[in-house]
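Keep in mind it's a predicted model, so treat the numbers as computed, not measured. Reckoned from all heavy atoms, side chains included, excluding hydrogens, waters and symmetry mates.
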Amino acid sequence: MLPAAGAGALAVAVALPWLVNAYLVSLAATALVMAVLAMSAQLLAGWAGLAPLGQAAYLVVGAYTAASIATLTSLGPIQLLAAAAAGALAAAVTGLLAVRARGTTFLMVTFGLGELIHVAANQWAPGGSEGVHAPPVVALPGLPAMVRPGWVYLYVLACTLLIGAAVAVVVRTRVAVLLRGIAAYEPRVQAAGQHTGRLLLAAYTIAGGIAGAAGALAIAVTRYVSPADAAMGVSALALAAALIGSGSMSGACAGAILLVVARDWVGGLLGGHGPTLLGLAFLLLAYLPRHRLAGLTIQVPGRRT
């Protein structure tokens, strides 16, 4: 039944712009951006066993890169590739420090790196603390710029599916298997002759590239980026979604969508108490046993997707 359910969900996702109003379409596009960022966090938390608290920093690196490329071309795929490359490069440089740590220390190191990038964006990024605006994105050569929320959402949905397919390939490689081994018992992987530091740096770099791609999609949705997008709260939401996913990429995406809906839509219905709902969700996440979390996510038997 899972393929049929997935096909039905995809059909509803494609038809969404014709089913709901423009606000909900924009909210759905924002949720997809966070789903991509949650995949970035899940690659580290769910596969390597390292919980990151600074992935929003690489999102901002990608977003500023996309905004800069937008002055030369409005083609969304070019902006997406450039943002992913910038996020991966930033992660490769900062990851040299991050992957030396484990456990809570890794969490704090990534938090510190994220705050450093946040401060650097305030000081040296174009526009300073005010941020910069970008023109509408063009999906393909010859097409008009996407200004209507429905077309922007469909573009972000298509990019999210492509990124998800690429991530699905990555998590089925030998490197992903070794990352699982590192999370389970790193000395055994080292005894097998594997350089775990290089493997973790590779995973950290790939995660940074995914986060950078999320930044390009954020530019397509909001046409604006500022240092505030690197705030710790964005990284915490991505990490919470990864933990809700309990080692599943599809679960992390579902968690990100649910958290964005709780924060922006349900919170709005309750008089702007979205942060309160997020706080309650984080408390539930902290105290709910992991085996119950695993039961709340949909996973394909025999594999993690």
Side-chain angles (χ1 to χ4, degrees), residues 5-40 56 59-60 62-63 66-67 70 74-77 79-80 83 131-140 142-165 210-211 213-226 228-229 233-234 237-238 240-241 244 249-275 277-278 281:
L10 179 60
V12 172
V14 173
L16 192 66
W18 291 274
L19 300 176
V20 298
N21 58 39
Y23 168 72
L24 291 179
V25 171
S26 298
L27 181 63
T30 301
L32 290 176
V33 173
M34 290 306 305
V36 175
L37 189 63
M39 284 191 280
S40 169
L59 178 147
V60 163
S74 295
L75 280 176
Q79 296 179 18
L80 185 67
V132 294
H133 294 269
V137 170
V138 176
L140 294 172
L143 295 180
M146 296 180 295
V147 294
R148 299 184 62 179
W151 291 115
V152 173
Y153 163 77
L154 291 175
Y155 167 75
V156 173
L157 176 63
C159 291
T160 301
L161 293 175
L162 289 174
I163 294 170
I210 298 170
L217 297 182
I219 281 289
V221 174
T222 63
R223 285 182 268 169
Y224 173 76
V225 59
S226 74
D229 294 322
V234 179
L237 192 149
I244 290 173
M249 284 295 177
S250 57
C253 292
I257 293 171
L258 289 175
L259 289 175
V260 171
V261 168
R263 182 192 65 186
D264 296 343
W265 185 54
V266 179
L269 296 177
L270 298 178
H273 292 291
L277 289 177
L278 278 186

A.B. asks: Rounded to the nearest 0.5 Å, how far apart are OG1 of Thr160 and CE of Met39?
C.D. replies: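 Reported to 0.5 Å precision, the distance equals 6.5 Å.
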A.B. asks: Does any part of the side chain of Ile219, heavy atoms only, come nearer than 4.5 Å to the side chain of Val225, both counted from C-beta?
C.D. replies: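 Counting from C-beta outward, Val225 and Ile219 do come under 4.5 Å.
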A.B. asks: Hey, could you give me the CD/CG distance between Gln79 and Leu217, rounded to the nearest 0.5 Å?
C.D. replies: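 Rounded to the nearest 0.5 Å, the CD-CG separation comes to 10.0 Å.
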A.B. asks: So, Tyr155 side chain and Gly76 main chain: donor-acceptor pair closer than 3.5 Å or not?
C.D. replies: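 A pair under 3.5 Å: yes.
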A.B. asks: If you round to the nearest 0.5 Å, how far is CG of Leu154 from CZ of Arg148?
C.D. replies: 11.0 Å
A.B. asks: Are the side chain of Ser40 and the backbone of Val36 linked by a donor-acceptor contact shorter than 3.5 Å?
C.D. replies: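 Side chain of Ser40 to backbone of Val36, a donor-acceptor pair under 3.5 Å: no, none is there.
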A.B. asks: Restricting to non-hydrogen atoms, name the atom on Leu80 and the atom on Cys159 that form the minimum distance, rounded to 0.1 Å.
C.D. replies: CD2-SG, 4.1 Å
A.B. asks: Describe, in one word, how the ring planes of Tyr224 and His133 are oriented to each other, choosing from parallel (under 30°), tilted (30 to 60°) and perpendicular (over 60°).
C.D. replies: tilted
A.B. asks: How far apart are the closest heavy atoms of Ala70 and Ser74, and which atoms are they?
C.D. replies: O-OG, 4.3 Å
A.B. asks: Heavy atoms only: give me the nearest Leu37-Ala211 pair and the separation to one decimal.
C.D. replies: CD1-CB, 3.7 Å
A.B. asks: Which heavy atom of Arg223 sits nearest to which heavy atom of Val147, and what is that distance?
C.D. replies: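 Scanning both residues, the minimum pair turns out to be NH2-O, 4.1 Å.
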A.B. asks: Is there a donor-acceptor pair closer than 3.5 Å between any side-chain N or O of Tyr153 and the backbone N or O of Leu24?
C.D. replies: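 Not confirmed, Tyr153 side chain does not pair with Leu24 backbone.
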A.B. asks: For the residue pair Ala252 and Ala38, what are the closest heavy atoms and their distance?
C.D. replies: O-CB, 3.7 Å
A.B. asks: To the nearest 0.5 angstrom, please state how far the CD1 atom of Ile257 sits from the CG atom of Leu32.
C.D. replies: 5.5 Å
A.B. asks: Got a second to check how far Leu237's CG is from Leu259's CG, nearest 0.5 Å?
C.D. replies: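 Output value for this atom pair is 5.0 Å.
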A.B. asks: Can you find a heavy atom in the side chain of Asp229 that is under 4.5 Å from one in the side chain of Val234?
C.D. replies: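 No; the side chains remain at least 4.5 Å from each other.
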A.B. asks: Grab the two heavy atoms, one from Pro77 and one from Ala139, that are nearest each other, plus how far apart they are.
C.D. replies: CD-O, 3.1 Å
